[in-house]
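Take a look at this one; I'll ask things after.
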Amino acid sequence: MAKVVVTGGSGMLGRWVVKHFVEQQYEVVNVDTVRPQEWLCPTIVADLTNLGEVYQALAGADAVVHLAAIPAAHIRTSEVTFENNVMSTYNILEAAAGLGIRKAVIASSESSYGIVFAVNRFGPSYVPVDEDHPQLPQDSYGLSKVVNEQTADMFHRRTGMQVVSLRIGNVIPPERYEQFPSFIHNSAERDRILWSYVDTRDIAEACQLAIEKDGLGSVAINLAADDTSMAIPSRQLLAEQFPEVAEFREPLNGFESLLSNKKAKQLLGWQPKHAWRNYAPEA
Ligand SMILES: NC(=O)c1ccc[n+]([C@@H]2O[C@H](COP(=O)([O-])OP(=O)(O)OC[C@H]3O[C@@H](n4cnc5c(N)ncnc54)[C@H](O)[C@@H]3O)[C@@H](O)[C@H]2O)c1
């Protein structure tokens, strides 16, 4: 049985990823600074900013799925967010390289494009936003994700380790769908995340595909549902909140996502299965 270490497995997304790998018969170890609410697998309590702890936590693993982070701007001070997220990712990849682990997934974010936490508001250069879109963060959280992707590239160059950086859209666990009716008719809500979302169970499946595929190198891949989180058509959302956007690279006739998931489909063979329209009470 293959052993996968999931970091941040006590967190909101992590517990779904741990659950998924356990269900898929992997040997799973969670590494987090806090214990999970529910026991799903062994947990090692460790601070990933300490390289020695990371080495011990990763020993014997075949792959690592690194989700641990301060998951947004403004939760902690800027420099604490940057230091925690950048050093923990550096240490994970440094230890993985040292231990001969050949597959890693790291949680990047749509926040790396910079729109969500921008002090000086700006919109996308074109839509849907794909992985070639400029990453222009004005905040230390978005910057930490850009740096982490570069760290991944560096370790891949040095060791050949495969590192998939998943630029995840707004993470939605199943219990959150009941809240959707409160915002789906107001384009001013969730505009800075381009109204994106992605179900925790679909992210977990992408993590599995990313460690099971070969030959991906170091690559950044968006993860978003096929549709937006809104009951307003995508073109209307843009017209109302980002009227300056003029370049449409897809027809966007309905509720299509403004965060492209084409590359995830092409490279991983991923297909999101969970859409809010199948769950929310007023959908
Ligand atoms: N929530 C979202 O909408 C979203 C969107 C895009 C990307 N992401 C990314 O997905 C990942 C998971 O996010 P989440 O929303 O589940 O966050 P979360 O805060 O619920 O979980 C993160 C976990 O990481 C742990 N952690 C943080 N720093 C650590 C350290 N130094 N050592 C060990 N453990 C540490 C925390 O204890 C926590 O349990 C993060 O990398 C986040 O940046 C989240």
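For ligands, and for the atoms within them, numbers begin at 1 and follow the listed sequence. Everything numeric here is computed off the predicted structure, so don't read it as measured data.
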Distance filter under 4.0 Å to V34 heavy atoms, resulting ligand 1 atoms: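 So the atoms of ligand 1 that pass are 37 (O).
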Are the aromatic ring centres of Y177 and W276 under 6.0 angstrom apart?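 For Y177 and W276, the ring centres are not under 6.0 Å apart.
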Should L67 be counted as touching ligand 1, given the test is an N or O pair under 3.5 Å?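 Indeed, backbone or side chain, L67 has an N or O that close.
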Closest approach of any protein heavy atom to atom 2 (C) of ligand 1, naming residue and atom: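 Sorting protein heavy atoms by distance from atom 2 (C) of ligand 1 puts V171 CG2, 3.3 Å first.
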Would you please determine whether K145 falls within less than 4.0 Å of ligand 1 on a heavy-atom basis?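 True for this residue.
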Under 4.0 Å from any heavy atom of S109, which atoms of ligand 1 are there?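 Per the distance check, 6 (C), 7 (C).
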Geometric N/O contact L48 with ligand 1, under 3.5 angstrom: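 So ligand 1 has an N or O lying under 3.5 Å from an N or O of L48.
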Pick from N91, D32, V54: the one approaching atom 36 (C) of ligand 1 most closely through a non-hydrogen atom: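 Looking at heavy atoms only, the winner is D32.
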For ligand 1, is P36 a contact, meaning one of its heavy atoms is under 4.0 Å away?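 For ligand 1, residue contact (heavy atoms, under 4.0 Å) with P36 is absent.
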Side chain, backbone, both or neither: which part of T7 has a heavy atom under 4.0 Å from ligand 1?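 The answer is neither.
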Give the numbers and elements of all ligand 1 atoms closer than 4.0 Å to a heavy atom of G169.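 What qualifies from ligand 1 is 5 (C), 6 (C).
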Using heavy atoms and a 4.0 Å limit, tell me yes or no: is A72 in contact with ligand 1?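 The answer is no, since A72 has no heavy atom less than 4.0 Å from ligand 1.
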Salt bridge present between D227 and R277 (N-O < 4.0 angstrom):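 Counted as a salt bridge, because a side-chain N and a carboxylate O are separated by less than 4.0 Å.
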Side-chain contact test, heavy atoms from C-beta onward, threshold under 4.5 Å: evaluate it for M12 versus V171 and give yes or no.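 Contact flag for M12/V171 side chains = yes.
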Contact atoms of ligand 1, heavy-atom distance to N170 under 4.0 Å: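 Every atom of ligand 1 under 4.0 Å from some heavy atom of N170: 3 (O).
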Shortest heavy-atom approach to atom 7 (C) of ligand 1 - which of P71, A107, S108: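 Looking at heavy atoms only, the winner is S108.
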Any N/O of S10 closer than 3.5 Å to an N/O of ligand 1?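 Not met; the criterion fails.
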Quick test: of every protein heavy atom, which one is nearest to atom 21 (O) of ligand 1, and how far off is it to 0.1 Å?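 That would be G11 CA, 3.4 Å.
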Can you confirm whether L267 sits close enough to V219 that some side-chain heavy atom of one is under 4.5 Å from a side-chain heavy atom of the other?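 Yes, close enough: below the 4.5 Å cut-off.
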Atoms in ligand 1 flagged as close to T33, the criterion being non-hydrogen separation under 4.0 Å: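 Listed by number with element: 30 (C), 32 (N), 33 (C), 34 (N), 35 (C), 37 (O).
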I'd like to know if A46 contacts ligand 1, where contact means a heavy-atom distance under 4.0 Å to any ligand atom.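 It does; at least one heavy atom falls under 4.0 Å.
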S109 versus Y141: any side-chain heavy-atom pair under 4.5 Å?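 Yes. Closest side-chain heavy atoms under 4.5 Å.
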Is any side-chain heavy atom of Q162 closer than 4.5 Å to one of K103?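 Sidechains of Q162 and K103: in contact.
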Counting only nitrogen or oxygen atoms and a 3.5 angstrom limit, does G14 reach ligand 1?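 Looking only at distances, the answer is no, because the N/O contact criterion of under 3.5 Å is not met.
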If you measure every N or O of I168 against every N or O of ligand 1, does any of those distances drop under 3.5 Å?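 In fact, backbone or side chain, I168 has no N or O that close.
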Using a strict cut-off of less than 4.0 Å between a Lys/Arg side-chain nitrogen and an Asp/Glu carboxylate oxygen, indicate whether E23 and K19 qualify as a salt bridge.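 K19 and E23: salt-bridged.
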For the 3.5 Å polar cut-off, considering only N or O atoms, please tell me whether M12 and ligand 1 meet it.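 M12 vs ligand 1: N/O contact under 3.5 Å present.
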If we only count N/O pairs under 3.5 Å, is D47 in contact with ligand 1?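 By distance alone, the answer is yes.
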Say whether S88, considering both its backbone and side-chain N or O atoms, lies within less than 3.5 Å of an N or O atom on ligand 1.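 Min N/O separation from ligand 1 is not below 3.5 Å for S88.
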Do R121 and D191 sit within salt-bridge range, that is, some charged N less than 4.0 Å from a carboxylate O?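 Yes, R121 and D191 are salt-bridged.
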